[in-house]
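These notes concern the structure reproduced below.
Counting convention: from 1, in listed order, for ligands and their atoms alike. Owing to the predicted nature of the structure, the values given are computational and were not obtained by experimental measurement.
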Amino acid sequence: MPQLPSHAHYVVIGAGIHGLSTAMHLARKLAARGKTVGPAGTRIVALDKTAIGAGASGIACGVVRNNYYQPAMRELMAHCVSVWESDPEAYSYHPVGYLQISPESMHAQVGSIYEQQKAIGYESVFIEGEAECMRYMQGLLADWQAKNITSVLHEKRGGYANNMASLAGLARKARDAGVQIIEGVEVTSLHMSGGTGHVTAVATSAGVVGCDQVVVGVGPWVNSVWQMLDLPKTVTIKGRDGKRNDGIPMWHYMALQEGTLGVDPEYQKTNDGRMPPVIHVDTDAPLYSDRDGKLITDKMWGIYYKPDFHFGGVQGGAMPAVVDRPADEVRVDPYGPKSPEFVVTDNFADMWTSALAFCQKRFEGKHGVYRKEPSGGIGCFTPDSFPVIDRFRENVYVIADSNHGYKMIGVGDLVSDELLGATSALLEPFRFSRYAEGRLHPVSNSPFPWS
Ligand SMILES: Cc1cc2nc3c(=O)[nH]c(=O)nc-3n(C[C@H](O)[C@H](O)[C@H](O)COP(=O)(O)OP(=O)(O)OC[C@H]3O[C@@H](n4cnc5c(N)ncnc54)[C@H](O)[C@@H]3O)c2cc1C
């Protein structure tokens, strides 16, 4: 049984991207203020019920991008990209760039993303018009053939990182800064003081730890910690029309669908022999099966993909599938590819490999090398599918990223500032109070809940 201290100044629940990043930044900032971090000084303990990377961060595709229609998301992501860029080696980050390739229904919105990227100094190129887009894409990848594309946003920054390698880098930095990471310890309840609900201790499978502050970064398990905090199962949202919408479930789940085509990653090199940017395509052109020619969909659809040596092929995904049941009835464990319920089906493989062939000739007839292994995982989403990053019960900081989050490595940096008394303007748009106050983020025309 792991040995726990009887008290820690900061208890971090979850050793995924957010828990580790927050702990590491907090420890470094305390040290910069002359504090000793560790058993002899300010104690930061990160607890994980399984292990570092046992949640969504450990299976994430790893795409890092700025492409968001919501100004607040874009500004936050620009900060996160700069944290990835601060130590690409330790974070196993590949700055290959990112392409958002869209149909006419998204043209104007993506154009406004480009304008606002210019305004915040985030380097990108915007191509408009069907013929121009085809020319630009074929200049990069000669076999490009996707139809109904009228804009291409090429973000020169961003790219992808290798999930477990980046977590190992973060964990190493956190430990070096004095953080104690304890694996195999599950937080089972929170002791709250009668009056304010202030959390005085964290009860775990290995004993009780008294605490001053708690940080919650539990990804898909957030509904269970939300219940420990006795927070509401439903919320009232003031709509854009000013009307109150009562009884909206706080959490719902979706299943993220991802897979790997078992080709040599070098197979997807650009015309000039480089690794290509991460490609994200949305289109309203009908999609036909590359296997049997049948119509898969005539509705808007989207995919993303990248060559990746870590996954050993061309890896990517498509729109998530709705998990159509109340959050309390969703079994999160066993998580990810070990789940008996939430792994991708043959329909996903057919759709995704056909979509690859729709985009590039080199993928035609390649569905046979799709890796038939369990993949994907579920994510827990907020009512508007944007993060809630806020303090609850006075001393509990919850980072619920609504599944935007592997790329959000910089959130821990901002949260650690707030733990030390500052207020982050970048985090302000993500407070829980936005629902009741109607401070909602704009909604895009993308088929993904994350754009
Ligand atoms: C298949 C898939 C692909 C994705 N691809 C991308 C992508 O390309 N780019 C991107 O930006 N995002 C992506 N995401 C989303 C991203 O992975 C998540 O938003 C992010 O990793 C969440 O990080 P986290 O630190 O909050 O939680 P997690 O990484 O899930 O970590 C939570 C940790 O908390 C621990 N835990 C849970 N409950 C307890 C408890 N009671 N006591 C102690 N420990 C506990 C778990 O064991 C786990 O290790 C993807 C998600 C999935 C599922």
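Of all atoms in ligand 1, numbered sequentially from 1 with element shown, those under 4.0 Å from a heavy atom of Gly14 are 33 (C), 34 (O), 35 (C). The distance from ligand 1 to the heavy atoms of Gly377 drops below 4.0 Å at these ligand atoms: 1 (C), 53 (C). Remark: ligand 1 atoms within the under-4.0 Å shell around heavy atoms of Ile13 are 40 (C), 42 (N), 43 (C). Heavy-atom proximity to Gly55, at under 4.0 Å, picks out these atoms of ligand 1: 29 (O), 30 (O), 48 (C), 49 (O). Here is the list of ligand 1 atoms found below 4.0 Å of a heavy atom in Lys407: 10 (C), 11 (O). Heavy-atom proximity to Pro220, at under 4.0 Å, picks out these atoms of ligand 1: 30 (O).
Summary of contacts: the protein heavy atom closest to atom 31 (O) of ligand 1 is Gly16 CA, 3.6 Å. Looking at atom 5 (N) of ligand 1, its nearest protein heavy atom turns out to be Cys61 N, 3.2 Å. Protein heavy atom in closest approach to atom 22 (C) of ligand 1: Asp401 OD2, 3.2 Å. Among all protein heavy atoms, the one lying closest to atom 21 (O) of ligand 1 is Ser57 OG, 2.8 Å. Looking at atom 24 (P) of ligand 1, its nearest protein heavy atom turns out to be His18 CD2, 3.7 Å. Of all protein heavy atoms, the one lying nearest to atom 41 (N) of ligand 1 is Val187 O, 3.0 Å. The nearest protein atom to atom 16 (C) of ligand 1, hydrogens excluded, is given as Tyr406 N, 3.4 Å; this is a heavy-atom distance. With respect to atom 49 (O) of ligand 1, the closest heavy atom belonging to the protein is Asp48 OD2, 2.6 Å.
Judged by the shortest distance from any of its heavy atoms, Val222 lies outside the 4.0 Å radius around the atoms of ligand 1. For the ligand labelled ligand 1, residue Tyr160 lies outside the 4.0 Å heavy-atom shell.
Salt-bridge formation is not detected for the pair Lys299/Asp284: no Lys NZ or Arg NE/NH1/NH2 atom is positioned less than 4.0 Å from an Asp or Glu carboxylate oxygen. A salt bridge does not link Arg28 with Asp176: every distance from a Lys NZ or Arg NE/NH1/NH2 to an Asp or Glu carboxylate oxygen is 4.0 Å or more. Using a cutoff of 4.0 Å between basic side-chain nitrogens and carboxylate oxygens, Asp413 and Lys29 are scored as salt-bridged. Checked for salt-bridge contact, Glu418 and Arg431 meet the test: a charged N lies under 4.0 Å from a carboxylate O. Contact check on Glu341 versus Arg331 returns a salt bridge, with a Lys/Arg side-chain nitrogen under 4.0 Å from an Asp/Glu carboxylate oxygen. For Lys366 and Asp290, the salt-bridge test fails: no basic side-chain N is under 4.0 Å from an acidic carboxylate O. The pair Arg434-Asp384 counts as a salt bridge, with a side-chain nitrogen and a carboxylate oxygen less than 4.0 angstrom apart.
Between atom 4 (C) of ligand 1 and the options Pro337, Gly62, Ala60, the minimum heavy-atom separation is to Ala60. Within the set Ile378, Val63, Val64, the minimum heavy-atom distance to atom 8 (O) of ligand 1 is found for Val63. Closest heavy-atom approach to atom 15 (C) of ligand 1 within the set Leu20, Leu167, Asn403: this belongs to Asn403. The residue among Phe381, Tyr304, Phe342, Tyr335 with a heavy atom at the shortest distance from atom 53 (C) of ligand 1 is Tyr335. Of the candidates Thr50, Leu256, Val398, Thr204, it is Leu256 that places a heavy atom closest to atom 52 (C) of ligand 1. Summarising the contacts of atom 36 (N) of ligand 1 with Ile182, Ile59, Val218, Ile399, the nearest heavy atom is found in Val218.
When non-hydrogen atoms are compared, ligand 1 lies under 4.0 Å from the backbone of Ala51 (N, CA, C, O) but not from its side chain. Looking at Ile17 against ligand 1, both its backbone and its side chain come within 4.0 Å, counting heavy atoms. Contacts with ligand 1 closer than 4.0 Å are made by side-chain heavy atoms of Trp221 only, the backbone lying farther away. With a 4.0 Å cut-off on non-hydrogen atoms, His404 touches ligand 1 through its backbone and not its side chain.
Between Phe392 and Trp226, the distance separating the two ring centers is shorter than 6.0 angstrom.
The shortest N or O to N or O distance between Gly405 and ligand 1 is below 3.5 Å. Taking any N or O of Gly53, backbone or side chain, none lies under 3.5 Å from an N or O belonging to ligand 1. For Gly219, a nitrogen or oxygen atom sits less than 3.5 Å from a nitrogen or oxygen atom of ligand 1, counting backbone and side chain alike.
The only member of Trp144, Trp301, Phe363 that meets ring-ring contact (aromatic ring centres under 6.0 Å, His included) when paired with Phe358 is Trp301.
Ring planes of His280 and Tyr98: tilted class, angle from 30 to 60°. By the 30° and 60° cut-offs, the orientation of the rings of Tyr91 relative to Trp84 is perpendicular. Relative orientation of the His7 and His9 rings is perpendicular, given thresholds of 30° and 60° on the angle between their planes.
Listed by chain and residue number, Thr345 satisfy the side chain to side chain contact (heavy atoms under 4.5 Å, CB included) test with Asn347 (two or more places apart in sequence, or in another chain). Residues passing the salt bridge (Lys or Arg N to Asp or Glu O under 4.0 Å) test with Glu394: none are found, sequence neighbours excluded.
Annotation: cation-pi pair Lys407/Tyr160 absent, no NZ/CZ under 6.0 Å from the ring centroid and within 45° of its normal. Figure legend: Arg65 and Tyr68 shown as a cation-pi pair, the cationic atom lying under 6.0 angstrom from the six-membered ring centre and within 45 degrees of its axis.
A 6.0 Å sphere centred on CD of Glu115 holds more than 12 heavy atoms belonging to other residues, nucleotides or ligands.
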